[in-house]
Number of protein chains: 2
Amino acid sequence: MLGDMTAPDFQQQLRDVALRVTRPRLAVLEAVHASPHADTESLIAAARALLPDVSHQAVYDSLHTLTQAGLVRSIKPAGSVARYETRTGDNHHHVVCRSCGDIADVDCAVGHVPCLTASDSHGFVIDEAEVIYWGLCPDCSSRPL
Amino acid sequence: MLGDMTAPDFQQQLRDVALRVTRPRLAVLEAVHASPHADTESLIAAARALLPDVSHQAVYDSLHTLTQAGLVRSIKPAGSVARYETRTGDNHHHVVCRSCGDIADVDCAVGHVPCLTASDSHGFVIDEAEVIYWGLCPDCSSRPL
DNA sequence: CCACTTTTCTTGAACGAGTCAAGACTTGGG
DNA sequence: CCCAAGTCTTGACTCGTTCAAGAAAAGTGG
């Protein structure tokens, strides 16, 4: 069951970053992989579909750990709760619908590392540029309130 | 005030956007103008320095109203509470220190409207691109933990 | 395969920025 | 000056997230 060949090898992913392989972590990893941009509540539900008795705290903890390890990435658009995805390390950004909060991935038009060098960084040592495009998703823009 | 001719006329700003001129709003506008990137708690304190008995709720409400009217702009970097500034409409972005949370303004290297056209917007109608540069401020980068 | 050490998970309570609601007060127009 | 609409005060409350203590599981060395 957890050795599904078509899906990423989550066990191996955990070992690769020197994290212990636990069922909560596997369930969370699989849940995030299956539902990109899902919020924590949904992920708790999804993780429980795989491991019925996981505590919400274990999910929160796993998400933090996996985020720090770089296996998942968290995004928190203003006005939204935390959301997670497994697509990491490829410098992609997000479009967020102002109306329904839906999120989609976008690659920057510039192609890579957009605007990473600010004109005047005030002495800050910058290591990441996070871009959020705000607008309306197809559904919401075609169905104005 | 004190002969400062460059100080914005906050009363006029409110009238220009068809908002009622109330003392809480003036106090909040002035507070935000005086302390760019301040969080709500600081702004409540700053507003009370000008108008001792403002309720926190009036400050929250004013901030929302002023934000909607475009007189102030709010920013909420992940892991931080809401912060506000009066510099609006000039497409500038922010550098946020991962360590101390300090924020500074930056103009995008591209000069204007950076990356506003995503490569594939998935049908979203985009109206704004928000950029946050993450890194370490001068103090934190020179004094590693 | 077992005992041990460390990390992780469970349970349950707590926190705090922000929001809601009802009634009193202001603002600005007439 | 008066009034209706819009704002503010007060105080309770929500809910995503975090904290804490003890129980359980993972990995390690014997």
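Just so it is clear: chains get the letters A, B, ... in the order the sequence lines come, proteins before strands, and each one is counted from 1. Keep in mind the model is a prediction, meaning the values are calculated, not measured.
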Below 4.0 Å: OP1/OP2 of dC9(C) and any side-chain N or O of Thr22(A) | yes
From the list dT9(D), dT18(D), dG28(C), which nucleotide is the closest neighbour of the side chain of Ser55(B)?
-> dT9(D)
Give a yes-or-no answer on whether the side chains of His92(B) and Glu85(B) include a donor-acceptor pair shorter than 3.5 Å.
-> yes
Quick check: does any side chain N or O of Ser55(B) sit under 3.5 Å from a backbone N or O of Ala58(B), one acting as donor and the other as acceptor?
-> yes
Just by modelled atom types, is the Arg20(A) backbone N or O under 3.5 Å from a matching donor or acceptor in the Arg15(A) side chain?
-> no
Pair Asp61(B)-Gln57(B), side-chain donor/acceptor within less than 3.5 Å = no
How long is the line joining NZ of Lys76(B) and P of dT17(D), in whole Å?
-> 13 Å
Could you tell me whether Arg25(A) contacts a base, only the sugar-phosphate backbone, or nothing, with contacts defined as non-hydrogen atoms closer than 4.0 Å?
-> sugar-phosphate
What's the OH-P distance between Tyr60(A) and dT17(D), to the nearest Å?
-> 4 Å
Closest nucleotide among dT7(D), dT11(C), dA12(D) to the His56(B) side chain | dA12(D)
Looking for any heavy atom pair under 4.0 Å, which part of the strands does Thr40(B) touch: base, sugar-phosphate only, or nothing?
-> sugar-phosphate
Rounded to the nearest Å, what distance is computed from the CG atom of residue Leu51(A) to the C1' atom of nucleotide dT10(C)?
-> 12 Å
Out of dG18(C), dT9(D), dT18(D), minimum distance to the side chain of Ala58(B) belongs to dT9(D)
In whole angstroms, the gap separating P of dC9(C) from CZ of Arg48(A) amounts to 14 Å
Ranking Thr65(A) and Ala82(B) by the position along DNA chain C of their nearest nucleotide, the one closer to 5' is Thr65(A)
Can you tell which of dG12(C), dT7(D), dT8(C) lies closest to the side chain of Gln57(A)?
-> dG12(C)
State, with a plain yes or no, whether a side-chain heavy atom of Leu63(A) is found less than 4.5 Å away from one of Tyr84(A).
-> yes
Select base, sugar-phosphate, or nothing to describe what Asp61(A) touches, counting heavy atoms under 4.0 Å on all strands.
-> sugar-phosphate
Taken to the nearest whole Å, CD/Glu41(B) to C1'/dA17(C) is 10 Å
So does Arg20(A) reach the base of dT6(C) with its side chain, donor to acceptor, closer than 3.5 Å?
-> yes
Could you state the CG-P distance from Leu19(B) to dT7(D), rounded to the nearest angstrom?
-> 7 Å
Let me know the distance between CG of Leu26(A) and C1' of dC9(C), rounded to the nearest Å.
-> 14 Å
In whole angstroms, how far is the C1' atom of dA25(D) from the CG atom of Leu14(A)?
-> 15 Å
